[in-house]
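These numbers were taken from a predicted model, which means no experiment stands behind them. Order of the sequence lines fixes the chain letters, A, B, ..., with proteins taken first and strands second; residue numbering starts at 1 for each chain.
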Amino acid sequence: MFEARLASTLTLKRIVDALREILNQSTLDCSDTGIQMQAMDNSHVSLVSLCLRKEYFEKYKCNRNISLGLDLKSLTKVLKCANGDDAVTIKAADKADKVELSFESAGKERTADYELRLLNLDQEHLAIPETEYNCVVHMPATEFARICRDMATFSESVVIACSKEGIKFSASGEMGAANIKLSETTKGEVSIQVDEPVALSFAGRYLSTFTRATPLAEKVKIGLAPDVPLLVEYPIEDYGYIRYYLAPKVDD
Amino acid sequence: QAKQTSIASFFTKV
């Protein structure tokens, strides 16, 4: 038996919004410690990893590990039926072929229950090694979203170069070129830790997709190391995260 | 011309 209750549907809506542009379907792995999800996009260029620890939930019960294969489009349709301030309870019996979502209005005067058919998804699991990133940058999530949007105007490829002087985003195409550089700020909005400078090229389309997670967090963490995927991490309060990994482009 | 690598090549299957 699995049961998890969140005080607000809004955060669940935001989490699904952050996933559904990259993934059509995904499997939530529920255990007594919380919910994990990991999946590559269809083109196998990026990987998204979601972690929600049980402390994130108002109520959490999971007697036995259970995998819930969900169609994210269908889940979005169900979530549209709920108000952001409704409480939501997700329930599934052991070996169930459906999941139940119950919404309760803030004043408790309205309840609505929906059933969603579960999918049997073959999912590859990849072991994500602990990586020591040579450059770790924290910046406002809205700033990162703005940079990704502005870069996309110029080119499909974005070069991210990080050194002690700052983090620089560059794109150049037929129209011209764009360079945006952020330095560390004394107020701490932007922090930049650099062991070794790194410069890597990435597909801007994916970076823009990651910024769908912007409403979830004030700050985004970016991790860069030579010849490994870029890390873009959005914390979910103090109880979890969405991490996006993006494979770099390399010179042919 | 930069070539896109696959994410799967960086992580091992479990």
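Within 6.0 Å of atom CG in A:D227, 12 or fewer heavy atoms from other residues, nucleotides or ligands are found, so the atom counts as exposed in its surroundings. For A:D94, the CG atom counts as densely surrounded, since its 6.0 Å shell holds more than 12 non-hydrogen atoms of other residues, nucleotides or ligands. The number of heavy atoms from other shown groups lying within 6.0 Å of NZ (A:K168) does not exceed 12.
Annotation for A:S46 and B:I7: closest pair O-CG2, 3.7 Å, computed over non-hydrogen atoms. The two residues B:A2 and A:K249 make their nearest non-hydrogen contact at CB-CB, 3.9 Å.
With rounding to the nearest 0.5 angstrom, the CZ atom of B:F11 is 8.5 Å from the CD atom of A:Q38. Expressed to the nearest 0.5 Å, how far OG1 of A:T131 lies from CZ of B:F10 amounts to 11.0 Å. Taking CE of A:M40 as the start and OG of B:S6 as the end, the distance is 7.0 Å to the nearest 0.5 Å. Here the straight-line distance linking atom CD of B:Q4 with atom CZ of A:F202 works out to 9.0 Å at 0.5 Å rounding.
Of the listed residues (A:D251, A:D41, A:V250), the greatest number of heavy-atom pairs within a distance under 4.5 Å of chain B belongs to A:V250.
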